[in-house]
Amino acid sequence: MSTMSDANPVDTFVGARLRERRMQRGLPLNALAARTDVTAMRLLCFEEGRERIPAKVMLAFCRVLDIQPAYFFEWAAMDETSPRGGCEPLRLHSSGSRRRF
């Protein structure tokens with residue numbers, strides 16, 4: 001398992017967004033873990049960026065936290081001069097359509 005210094009910046013950012021939303025919804029770590037069928041320890045690893053969140057698990061988080069997957073990916077290019085710690089806005093396409101998962 002990697003250390004925090006080895007954590008991928010993308011995984012760290014996604015994990016921080018997960019923790020932020022969980023806390024906004026007032027869900028304790030154990031409650032979100034139970035509702036998404038992951039262990040609390042694994043959820044903590046996701047939130048700390050030490051483990052990448054599998055797509056199936058991310059969709060479960062989205063369902064429980066009432067968010068779209070895009071919530072985790074509102075940035076893309078890693079740029080050391082960015083004020084957000086290397087994350088710039090992501091513009092994949094401008095179709096405007098939003099599907100619920």
Asks: Tell me, yes or no, whether the heavy-atom count around R52 atom CZ, taken from other residues, nucleotides or ligands under 6.0 Å, exceeds 12.
Replies: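 No, not enclosed.
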Asks: Sequence neighbours left out, what pairs pass side chain to side chain donor-acceptor pair (under 3.5 Å) with at least one residue falling in residues 24-38?
Replies: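 Applying side chain to side chain donor-acceptor pair (under 3.5 Å) to every pair that reaches into residues 24-38, excluding sequence neighbours, yields R21-Q24.
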Asks: If you define the side chain from C-beta out and look only at heavy atoms, does anything of L32 sit under 4.5 Å from L65?
Replies: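 With C-beta onward as the side chain, the pair touches.
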Asks: Atom CG of L29 and atom CE of M23: how far apart are they, to the nearest 0.5 Å?
Replies: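 With rounding to 0.5 Å, CG (L29) is 10.0 Å from CE (M23).
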Asks: Can you measure from CD (Q68) to CG (L59) and round to the nearest 0.5 angstrom?
Replies: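 If I round to the nearest 0.5 Å, the distance is 10.0 Å.
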Asks: Between V64 and L27, is there a side-chain heavy-atom distance shorter than 4.5 Å?
Replies: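 The answer is yes, as the side chains (C-beta and beyond) meet within the 4.5 Å cut-off.
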Asks: For the atom pair OG1 (T12) and CZ (F46), what is the distance rounded to the nearest 0.5 Å?
Replies: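 The OG1 atom of T12 sits 13.5 Å away from the CZ atom of F46.
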Asks: Without swapping roles, check the side chain of R17 against the backbone of Y71 for a donor-acceptor pair under 3.5 Å.
Replies: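 Side chain of R17 to backbone of Y71, a donor-acceptor pair under 3.5 Å: yes, one is there.
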Asks: Would you compute the distance between atom CD of E51 and atom SG of C45 and round it to the nearest 0.5 angstrom?
Replies: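 Reported to 0.5 Å precision, the distance equals 5.5 Å.
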Asks: Check whether any side-chain heavy atom of F61 lies under 4.5 Å from a side-chain heavy atom of P69, and answer yes or no.
Replies: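 No; the side chains remain at least 4.5 Å from each other.
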Asks: Would you compute the distance between atom CG of L43 and atom CZ of R19 and round it to the nearest 0.5 angstrom?
Replies: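 So the gap between those two atoms works out to 8.5 Å.
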Asks: Kindly compute the distance separating CZ (F72) from CD1 (I67), expressed to the nearest 0.5 Å.
Replies: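 F72 atom CZ to I67 atom CD1 measures 3.5 Å (nearest 0.5 Å).
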